[in-house]
Amino acid sequence: MPAITLPDGSVRRFEGAVTGADVAAAIGPGLARAALAMKVDGRPQDLARTIAHDASVVFITRRDDDALEMIRHDAAHVLAEAVQALYPGTQVTIGPSIENGFYYDFARNEPFSPEDFPAIEAKMREIVARNEPFVREEWDREEAIQFFAGRGEGYKAQLIRDLPESETITIYRQGAWLDLCRGPHMRGTGDVGTAFKLTKVAGAYWRGDHRNAMLSRIYGTAWRDQKELDAYLHQVAEAEKRDHRRIGREMDLFHIQEEAVGSIFWHPKGWRLYRTLESYMRRRQEAAGYEEVKTPQLVDRSLWERSGHWESYREHMFIATVEDEDKTLAVKPMNCPCHVQIFRQGLRSYRELPLRMAEFGACHRYEPSGALHGIMRVRAFTQDDAHIFCTEDQVAPETARFVAMLRSVYADLGFENFRIKFADRPTLRAGDDSTWDRAEAALREACRLADVDYTLNPGEGAFYGPKLEFVLRDAIGRDWQCGTLQVDYVLPSRLDAEYVGEDSARHRPVMLHRAILGSFERFLGILIEHHAGRFPLWLAPVQVVVASIVSDAAPYAEEVAATLRGAGLQATADTRNEKINAKIREHSLAHVPVLAVVGRREAESRQVALRRLGGADQTILSLDETVAVLREEATPPDLRAAIM
RNA sequence: GCCGGCGUAGCUCAGUGGUAGAGCAACUGAUUCGUAAUCAGUAGGUCCACAGUUCAAAUCUGUGCGUCGGCACCA
């Protein structure tokens, strides 16, 4: 006699086992119609499952977030049925729901093309219209393997073989079609609705391993209703307009060309943006007690062998040789071994620790061609890199200091939201397990002290130590690691760094590898997309354009621009023979934050009409006021704080 | 690196085997104009590269390079 507790706290008792659908019907016909699935004691389940014991039950309706995930999961099943109906011989593998949609991986000799989408979508709509109920069945393990193997579904058979013995094998039928699936599902294929769209095809390795066969993946998006789908598609279209590659061209910031794949040609405006960010970071680092260094670009392979990089990353390093010397040099892919060399010059004392050594280090890595992406994933980049040499006791306070600095920098640059991941020991690593135990424990403790909330990213640490990853999201929804902090007990030992302690004995320092931006290139890409090219005044490469209305005002426009430049602002005059409407349109499209419009009136009264990007109203100020207002506003946030 | 799409004027794109096109930008001239496109004219092309098929290739085939989307990788 199960007693069902509902979310409002009320309890309903039933004679014997009941299904979720029964319970919903008992509560009311409205709920019976709306309920798609349920959570029994917090576990999502099909509505058709029976409840035999006392339990708390929450019904999932279309409005719930859980429903969205189920719509997408069910849509994946509908997609798989449609594809197998249209393309006999195609094997199914897996098809989960993902953020904003779903995908299904198929094994088929011929790849799919977006041209196949209309036919597949039409078939999917048929299946949805039939509203076949999802029927759950529990199968015997061996029978299930035999069944799928017998149908030529080798991947499914393999999936079942690899399930743990304790796992119940469940099959979901939708009419004549069926799939191995853990569930749960909604009531029937009709609940998927029609607000879905196939979006792209892609190759994907079976089980995510590049040594395995490549499958054909079809991605789709699915929503509660057409309105939500339209809103999502509109958002995607808007996001494409923020793409840093597009804005980089539109604003004339940089370009990349075939003769230097993975390297950036920075144009004057882009380079000004870069230098503004670099100057800001340099000031912040100096204020935080870092000392800046510069180390060689070409370093003999012997150093990389000692550090362990040669073994792990040799094929990703650019190698340089010269004819009359029998040496192999590597273009540095990172700065840490060089920083250890500086640390090793002379005898270090514990009194010098923590020693914070920073470098805007230009690094080269031969990244796989498929990984390149605009300026965010390149082969030549500059890190805001630093290594903190410290004692074990200093790991936690230094981590806390670093995280506080990173938060402040990100806030200055407009990023309030970012995610932190804790990446622990990878399979291939240097250093013994006890060293890793200590490093991971130290970093965990440091996170606790610094009040850092993180998600675990298992097995993704650097080969020499665990790391924190600070992740930002681009306009298209892709996540990028920018900041990082890595605890390293291994390199100081491999490269023999030591200091004299209070006890006058020699000790190994711990190294904290850390970066806030990560690489200037990647961070600038994110920054461009985050602001959609509309930078705050202090970052904008062109801050003010002084536009003349008539040629009589041109000399005054030149004078205003020169005055602003004299005050340290990036200002140019636009005295072309164009209508003011055209000038405003052009500079607005170029994301110039401030337009100063001057006609005869302003020239006579020595005033300017200021117009802000995105606004339609104007403010009339004297030239002196204009300089004061804009100079104040263009002050970088760290210098502004110092003034106040 | 792997799978697939794409590569035509500075940019966005049209052109399915028979003499390379449009809009915007550029340039020239006219226009002196008050808050998101003034008008007219001119010029602009190894159709990514190489090889092949064909009387004939931007168009078909192959190879390479680049790029885009995923996957894998990211010290």
Side-chain angles (χ1 to χ4, degrees), chain A residues 103 105 110-115 199-219 240 243 245-246 249-250 252 255-259 261-262 304 307-317 332-337 363 365-374 376-379 381 383 426 428-430 460-465 467 469 476 478 480-481 484 486 488 490-491 513 518-519 522 547-554 577-589 595 597-602 609-611 613-618:
Chain A
Y103 68 78
D105 284 348
E110 237 177 289
F112 296 99
S113 129
E115 286 168 19
T199 52
K200 54 198 172 193
V201 290
Y205 297 108
W206 165 238
R207 293 192 156 165
D209 190 325
H210 68 277
R211 289 165 300 193
N212 291 341
M214 179 145 286
L215 307 172
S216 290
R217 175 173 297 180
I218 296 178
Y219 282 94
E240 281 169 11
D243 191 308
R245 292 164 296 195
R246 177 183 176 135
R249 188 173 54 240
E250 287 170 353
D252 193 19
H255 86 270
I256 296 175
Q257 69 186 47
E258 225 175 302
E259 291 81 356
V261 171
W304 306 111
S307 71
H309 291 98
W310 191 265
E311 189 188 357
S312 303
Y313 293 102
R314 188 239 164 292
E315 66 276 26
H316 298 291
M317 289 159 81
K332 73 174 170 186
M334 54 181 348
N335 310 298
C336 29
C363 297
R365 296 178 185 175
Y366 185 69
E367 301 284 13
S369 58
L372 300 176
H373 180 88
M376 305 227 265
R377 185 83 184 269
V378 286
R379 289 178 176 156
F381 55 94
Q383 298 175 315
L428 293 173
R429 56 182 181 261
E460 296 296 320
F463 74 86
Y464 47 70
K467 64 176 178 181
E469 302 171 330
I476 312 164
R478 284 182 281 221
W480 297 89
Q481 180 196 305
T484 183
Q486 301 160 12
D488 182 2
V490 173
L491 270 189
H513 307 239
S519 90
R522 172 174 299 179
S548 58
I549 296 174
V550 291
S551 49
D552 286 353
N577 180 8
E578 285 292 344
K579 288 195 160 187
I580 193 63
N581 280 320
K583 293 186 185 181
I584 287 171
R585 178 166 196 274
E586 219 172 280
H587 299 301
S588 297
L589 289 174
L595 280 182
V597 178
V598 295
R600 284 203 188 86
R601 286 206 297 272
E602 286 76 13
L610 283 190
R611 181 195 162 106
L613 178 59
D617 50 335
Q618 49 175 336

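Chain letters run A, B, ... following the sequence lines, proteins first, then strands; residues in each count from 1.
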Does a side-chain N-to-carboxylate-O contact under 4.0 Å join A:Arg377 and A:Glu367? yes
Specify the separation, in whole Å, of atom CD of A:Gln486 and atom P of B:C74. 13 Å
Hey, does the side chain of A:Tyr313 come within less than 4.0 Å of B:C73's phosphate (OP1/OP2), counting only N and O? no
Provide the Watson-Crick or G-U wobble partner of B:C47, both distances under 3.5 Å; none if there is no partner. none
Would you mind reading off the distance between A:Arg211 atom CZ and B:A72 atom C1', rounded to a whole angstrom? 11 Å
Check this for me: does the side-chain of A:Tyr205 come within 3.5 Å of the base of B:G1 through a donor and an acceptor? yes
Integer-rounded Å distance: B:U35 P and A:Ile584 CD1: 8 Å
Considering only the P atoms, how many Å lie between B:G45 and B:C60, rounded to the nearest integer? 25 Å
A:Glu586 side chain vs A:Lys583 backbone, donor-acceptor pair below 3.5 Å: no
Watson-Crick/G-U partner (both atom distances under 3.5 Å) of B:C2: B:G70
OP1, OP2 of B:A36 versus side-chain N and O of A:Asn581: anything below 4.0 Å? yes
Look at the side chain of A:Tyr464 and decide which nucleotide, out of B:G4, B:A75, B:G70, has an atom nearest to it. B:A75
C1'-based separation of B:G7 from B:A40 [nearest Å]: 35 Å
Send over the distance from A:Arg601 CZ to B:G34 P, rounded to a whole Å. 9 Å
Looking for any heavy atom pair under 4.0 Å, which part of the strands does A:Ala204 touch: base, sugar-phosphate only, or nothing? sugar-phosphate
Would you mind reading off the distance between A:Arg522 atom CZ and B:A75 atom C1', rounded to a whole angstrom? 13 Å
Value in whole Å for how far the P atom of B:C24 lies from CD of A:Glu586: 14 Å
Pairing check on B:G29: which nucleotide meets the Watson-Crick or G-U wobble criteria with it, both distances under 3.5 Å? B:C39
A:Lys579 side chain, from C-beta outward: closest of B:C33, B:C65, B:A72: B:C33
Pair partner, B:U16 [Watson-Crick or wobble, under 3.5 Å]: none
Give one of base, sugar-phosphate or nothing for A:Pro111, where a contact means two heavy atoms less than 4.0 Å apart. sugar-phosphate
Phosphate contact (B:G4 OP1 or OP2) by A:Ser113 side-chain N/O below 4.0 Å: no
Tell me what A:Ala582 touches on the nucleic acid: a base, only sugar-phosphate, or nothing, going by heavy atoms under 4.0 Å. sugar-phosphate
Less than 4.0 Å between a side-chain N and a carboxylate O, is that true for A:Arg245 and A:Asp243? yes
Please determine if a side-chain N or O atom of A:Lys467 lies less than 4.0 Å away from the OP1 or OP2 oxygen of B:A75. yes
Are side-chain heavy atoms of A:Arg522 and A:Phe381 found at a separation under 4.5 Å? no
Considering only atom P, compute the distance from B:U8 to B:A49 and round it to an integer number of Å. 10 Å
Does a side-chain heavy-atom distance below 4.5 Å link A:Trp304 with A:Arg314? no
Determine the Euclidean distance between corresponding C1' atoms of B:A56 and B:U28; express it in Å to zero decimal places. 40 Å
For the P atoms, the ones on B:C24 and on B:G4, what distance do you get once it is rounded to whole angstrom? 40 Å
Counting only side-chain heavy atoms from C-beta out, which of B:U35, B:A75, B:C74 sits nearest to A:Met317? B:A75
Tell me what A:Gly308 touches on the nucleic acid: a base, only sugar-phosphate, or nothing, going by heavy atoms under 4.0 Å. nothing
Closest listed nucleotide, where the reference is the side chain of A:Lys200 and the choices are B:A36, B:C74, B:G70: B:G70
Residue A:Met214, side-chain atoms from C-beta onward, closest of B:C2, B:A75, B:C33: B:C2
Applying the Watson-Crick and G-U wobble criteria at under 3.5 Å, what pairs with B:C24? Answer none if nothing qualifies. B:G10
Under a 3.5 Å cut-off for both distances, is B:U53 Watson-Crick or wobble paired, and to whom? none
To the nearest Å, give me how far apart CG (A:Asp552) and P (B:G34) are. 13 Å
Phosphate oxygens OP1/OP2 of B:G69: is one of them under 4.0 Å from a side-chain N or O of A:Arg217? no
Would you kindly give the CD-to-C1' distance between A:Glu602 and B:U35, to the nearest whole Å? 11 Å
With rounding to the closest Å, how many angstrom separate the C1' atoms on B:A25 and B:G62? 38 Å
Take atom C1' in B:A26 and the same atom in B:G10, then report the distance between them in whole Å. 8 Å
If you only use heavy atoms from C-beta on, which nucleotide in B:C74, B:G70, B:U35 is closest to the side chain of A:Arg611? B:U35
Winner on side-chain proximity to A:Leu589, out of B:U35, B:C68, B:A36, is B:A36
Nearest to the A:His373 side chain among B:U67, B:A75, B:G69, which nucleotide is it? B:G69
Side-chain N or O of A:Arg246 closer than 4.0 Å to phosphate OP1/OP2 of B:U12: no
Heavy-atom distance under 4.5 Å between the side chains of A:Arg611 and A:Ile584, does that happen here? yes
What nucleotide among B:A36, B:A72, B:U35 has an atom nearest to a side-chain atom of A:Ser588? B:A36
So for A:Arg377 and B:C73, does any side-chain atom that can act as donor or acceptor lie under 3.5 Å from a complementary atom in the base? yes
Within the structure provided, determine whether A:Trp206 and A:Arg211 are in side-chain contact (heavy-atom separation under 4.5 Å). no
A:Arg249 has a side chain; which of B:C11, B:C33, B:A36 sits nearest to it? B:C11
How far, in whole Å, is B:C68 from B:C48 if one measures between their C1' atoms? 15 Å
